[in-house]
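Below is one structure, written out as structure tokens, with a few remarks after it.
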Amino acid sequence: MTDTPVDSPLDAPRAEAPRPAKDKPWVMRTYAGHSTAAASNALYRTNLAKGQTGLSVAFDLPTQTGYDPDSPLSRGEVGKVGVPVPHLGEMRRLFQDIPLTEMNTSMTINAVAMWMLAMYQVVAEEQNPDLSPEEVAAQLAGTTQNDIIKEYLSRGTYAFPPEASMRLIADMIAYTVHQIPKWNPINICSYHLQEAGATPTQELAYALSTAIAVLDEVKNAGQVSEDDFEQVVGRISFFVNAGVRFIEETCKMRAFVRLWDEITRERYGVTDPKMRRFRYGVQVNSLGLTEAQPENNVQRIVLEMLGVTLSKNARARAVQLPAWNEALGLPRPWDQQWSLRLQQVLAFESDLLEYDDIFEGSHVIEAKVAELVAGAKEEIDRVQAMGGAISAVDYMKSQLVSSHAARRARIETGEEKIVGVNAYETTEPSPLTADLDGAIMAADPEAEKTARASVEAWKAQRDEAEVTEALAAVTEAARSETNLMGPTLAAARAGATTGEWAATLREVFGEYRGPTGVSGAVVAEAGEELREVRERVRSTGAELGGRLRLLVGKPGLDGHSNGAEQVAVRARDAGFEVVYQGIRLTPQQIVAAAVAEDVHCIGLSILSGSHMELVPDVLEGLAAAGVGDIPVIVGGIIPDSDGRKLRELGVAAVYTPKDYGLTAIMGGIVDVIRAANDL
């Protein structure tokens with residue numbers, strides 16, 4: 001055997017093929033806003049310096065629902081889940097030193113989206129005094145969520161009745177198509193549908209039914225010509241949820257792409273493929289984040305991110321990730337940085353963006369996509385047969401509550417495993433949560449005081465006559481068919497507040513209370529644990545001389561009603577007579593209902609962080625009404641230190657997300673009632 005010569009080509013190093021050029025990555029955002037406009041502005045500028053490529057503004061609940069910080073309904077809610085923006089001065093502070101004509105800004109705002117866009121445009125005009133308002137508007141890029149139907153179904157931050165809200169959306173779409181062509185005036189939001197329990201099929205169907213309702217409204221309003229209607233379709237964007245079942249989520253996104261292309265082509269005759277493109281941003285699932293072993297949330301977030309990035313033909317255009325500790329409370333800047341770095345590692349270190357769609361030709365993926373498409377079409381047809389999404393709100397709400405109840409039941413029985421919660425619960429002490437109170441950011445206790453002072457100072461320096469005249473013009477436009485965007489811009493320039501603009505429209509449009517979906521929800525199957533609790537409910541009621549009555553109350557502006565609805569459904573199935581009047585009640589209204597219904601226990605659900613203000617108000621109201629002996633339990637995202645304080649104040653029990661067993665909670669309520677009545 002001869003030796004191979006040293007200069008043989010076999011020994012020569014093989015040249016590596018050049019790496020393919022990478023696609024441009026998605027817009028990277030962090031959903032942020034807290035305490036004050038000045039503090040939020042500092043956070044935005046820090047995040048942009050860290051490589052974030054777009055802003056995503058979180059507003060506090062008073063701002064989202066159209067109330068000023070000095071409204072009684074705003075108590076305890078100011079600056080808690082986002083930033084308060086009650087007037088133009090605070091919008092200026094929010095974007096100080098951030099050039100809006102160079103920014104891509106997403107504003108998670110729905111009921112008062114028109115008002116927020118108006119103030120945003122006016123601030124941009126002030127930043128560019130050498131340009132005309134029209135020239136400034138033409139340069140603005142971003143998104144307003146502006147999806148009111150999902151507010152009735154899941155999130156609860158609506159302000160006006162459905163028909164009036166749809167009119168506002170249509171007015172805003174017509175305005176932006178003509179004046180702010182780079183703006184997405186609506187972001188059809190299926191995110192909260194999944195949070196409320198939607199299956200992938202329901203998420204597809206109800207989001208697309210909403211889009212159909214919006215496009216039909218715009219067509220019928222007659223403010224957009226046939227030639228411009230394709231531009232309307234092209235500016236419709238979506239905001240979706242991505243759960244941990246990332247193969248299924250990948251298929252869901254491919255199904256969205258296929259269905260949207262079909263709907264826009266066949267129903268609306270859109271011929272330009274670019275205008276039919278399914279354009280979406282994503283916030284991955286927060287529902288699945290756990291309080292128990294919260295470090296596991298990091299890998300959940302990564303898997304969820306993959307579901308909306310792996311498939312090139314259905315890739316998200318913008319991604320924002322929650323932080324690992326959001327089931328515990330408000331994330332700190334470092335936690336948000338960690339989530340941003342997850343995106344950056346995937347986009348810049350991996351080779352994901354160098355390849356065409358890696359799922360093309362997969363029989364497995366294609367079969368699942370076809371299944372989802374068929375199921376969604378069937379459900380869309382059902383909604384359309386009811387008259388469309390607005391007419392079918394009650395139906396869709398009950399379906400979501402039922403789906404959520406089914407999921408909760410699967411978790412309780414162990415059929416659906418949640419690592420660290422109902423499986424593999426043994427754990428080493430975590431250095432991340434060694435100091436639980438230090439593992440989250442505390443809301444500024446002075447935020448409400450600061451915001452109230454800001455409104456007072458703002459009103460003192462403005463021209464009241466100009467404001468009165470501007471709001472009168474808003475009223476006149478609301479009573480006619482005039483596009484409301486013009487008068488709204490004038491009111492913003494005059495110095496009206498968020499609460500004044502919304503109150504003006506409430507006077508014309510009226511108030512509205514959305515459906516709860518509880519009465520139409522399916523009855524849970526009675527396992528042994530539930531049968532035992534039912535018997536305890538029955539026997540305790542007999543001892544007290546009647547059926548046990550539980551009042552489920554949501555004080556304040558927190559519209560996250562999923563937990564309250566599930567408690568109400570399970571309490572009903574356990575044999576309680578349930579009093580649940582929905583969201584957005586004052587402590588005084590809850591006390592009045594407790595007295596009128598002669599209840600045996602009150603359960604308060606608060607997820608916005610306002611428990612330390614609102615729960616004591618309820619306790620004081622009960623004492624003043626002479627019924628201080630009615631036991632009160634509280635559920636929500638409540639830090640341990642706050643839980644201890646609430647129990648010291650007289651709260652009988654505190655439940656947090658780690659307490660996932662609803663039937664066990666029902667048993668705990670029976671214990672509380674028996675203890676309160678010395679049984």
Side-chain angles (χ1 to χ4, degrees), residues 154 189-208 238-259 278 280-290 292-316 319-322 324 326-327 339 342-343 346 352 357-359 362-376 379 399-400 402-424 562 566 657 660:
S154 55
C189 179
S190 71
Y191 175 84
H192 289 105
L193 300 182
Q194 189 179 118
E195 297 276 289
T199 64
T201 298
Q202 289 170 334
E203 189 178 342
L204 286 161
Y206 299 162
L208 292 170
F238 290 77
F239 187 69
V240 306
N241 204 328
V244 75
R245 293 168 57 83
F246 77 100
I247 299 297
E248 186 173 63
E249 295 296 322
T250 294
C251 294
K252 181 186 75 182
M253 298 321 307
R254 295 171 79 89
F256 257 130
V257 169
R258 187 173 302 179
L259 285 162
F278 184 78
Y280 77 98
V282 65
Q283 156 90 19
V284 306
N285 192 296
S286 295
L287 174 67
L289 301 184
T290 62
Q293 298 181 28
E295 62 274 12
N296 295 335
N297 293 330
V298 176
Q299 50 265 38
R300 292 185 179 109
I301 291 167
V302 170
L303 286 170
E304 291 164 352
M305 175 174 58
L306 291 177
V308 293
T309 55
L310 283 179
S311 180
K312 179 175 180 177
N313 293 344
R315 183 170 293 149
V319 177
Q320 57 193 45
L321 304 181
W324 68 276
E326 286 195 21
S339 289
L342 296 179
Q343 294 197 59
L346 179 64
L352 173 66
D357 198 299
I358 62 175
F359 295 112
S362 166
H363 299 300
V364 174
I365 296 292
E366 180 54 36
K368 185 62 179 178
V369 172
E371 174 193 322
L372 290 171
V373 166
E379 190 67 1
Q399 293 299 299
L400 294 177
S402 295
S403 294
H404 200 173
R407 178 181 181 271
R408 293 293 301 242
R410 290 194 302 272
I411 293 172
E412 288 185 57
T413 62
E415 177 187 348
E416 186 170 321
K417 286 184 168 51
I418 309 295
V419 174
V421 175
N422 66 353
Y424 312 110
N562 303 330
Q566 293 307 308
Y660 66 90

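The basis for the numbers below is simple: all heavy atoms, side chains too, and nothing from hydrogens, waters or symmetry mates.
To the nearest 0.5 Å, the span separating CG on Leu259 from CG on Leu372 amounts to 9.0 Å. Of the inter-residue distances, the one linking Phe246 atom CZ with Ser311 atom OG reads 12.5 Å to the nearest 0.5 angstrom. Put simply, CD on Gln293 and CD1 on Ile418 are 12.0 Å apart, with the number rounded to the nearest 0.5 Å. Going from atom OG of Ser190 over to atom CG of Leu204 covers 8.0 Å, rounded to the nearest 0.5 Å. In this structure, CG in Leu193 is found 13.0 Å from CD in Gln399, a value given to the nearest 0.5 Å. The distance from atom OH of Tyr660 to atom CZ of Arg408, rounded to the nearest 0.5 Å, is 10.0 Å.
Residues passing the ring pair (Phe, Tyr, Trp, His ring centres under 6.0 Å) test with Tyr206: none are found, sequence neighbours excluded. The salt bridge (charged side-chain N to carboxylate O under 4.0 Å, His left out) check on Arg407 picks up Glu416, with sequence neighbours excluded. Every residue two or more places apart in sequence or in another chain that forms a side-chain hydrogen bond (donor to acceptor under 3.5 Å, both in side chains) with Ser286 is listed here: Tyr191.
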Which is it for Leu346 and Leu306 under the side-chain contact (heavy atoms from CB on, under 4.5 Å) test, yes or no, and what are the steps along the way? CA-CA 9 Å; Leu346 179 64; Leu306 291 177; 4.0 Å; yes
Quick one, Val419 with Gln299, criterion side-chain contact (heavy atoms from CB on, under 4.5 Å). Give me CA distance, side-chain angles, the key distance, then yes/no. CA-CA 11 Å; Val419 174; Gln299 50 265 38; over 6 Å; no
Begin with the C-alpha distance, continue with both residues' side-chain angles, and end with the deciding distance and a verdict on side chain to side chain donor-acceptor pair (under 3.5 Å) for Gln202 and Ser403. CA-CA 9 Å; Gln202 289 170 334; Ser403 294; 2.9 Å; yes
Test Phe278 against Arg254 for side-chain contact (heavy atoms from CB on, under 4.5 Å), laying out the working first. CA-CA 10 Å; Phe278 184 78; Arg254 295 171 79 89; over 6 Å; no
Under the side-chain contact (heavy atoms from CB on, under 4.5 Å) criterion, do His404 and Thr199 qualify, and how do the steps go? CA-CA 9 Å; His404 200 173; Thr199 64; over 6 Å; no
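When all heavy atoms are compared, the tightest approach of Glu326 to Pro322 is OE2-CA, 3.3 Å. Leu400 and Ala198 get closest at one heavy-atom pair: CD2-CB, 3.5 Å. Contact between Val308 and Met253 at its shortest, heavy atoms only, is CG1-CG, 4.1 Å. The minimum heavy-atom distance between Trp324 and Glu295, with the atom names listed, is CE3-N, 4.4 Å. The minimum heavy-atom distance linking Gln283 with Leu321 is given by the pair NE2-C, 4.2 Å. Glu249 approaches Asn241 most closely through the heavy-atom pair OE1-O, 3.3 Å.
One N or O on the side chain of Thr250 and one on the backbone of Gly307 form a donor-acceptor pair closer than 3.5 Å. Here the side chain of Ser362 pairs a donor or acceptor atom with the backbone of Ile365 at under 3.5 angstrom. Side chain of Asn297 to main chain of Thr290: a donor-acceptor pair is present (N/O by atom type, distance under 3.5 Å, no hydrogens or angles). For Asp357 (side chain) and Lys312 (main-chain N/O), a donor-acceptor pair under 3.5 Å exists by modelled atom type. Remark: the backbone N or O of Glu195 is paired with a side-chain donor or acceptor of Asn562 at under 3.5 angstrom. Between the side chain of Glu248 and the main chain of Gly243, no donor-acceptor pair closer than 3.5 Å is present.
In summary, Lys252 and Glu304 do not engage in a salt bridge, as defined by a charged side-chain N under 4.0 Å from a carboxylate O.
Residues Phe256 and Tyr280 keep their aromatic ring centres 6.0 Å or farther apart.
With contacts defined as side-chain heavy-atom distances shorter than 4.5 Å, the pair Phe359/Val369 does not qualify. Contact of the Ile247 side chain with the Val364 side chain is not registered, since no non-hydrogen atoms from C-beta on lie closer than 4.5 Å.
Under 3.5 Å, the side chains of Gln194 and Asn285 contain a donor-acceptor pair of N or O atoms.
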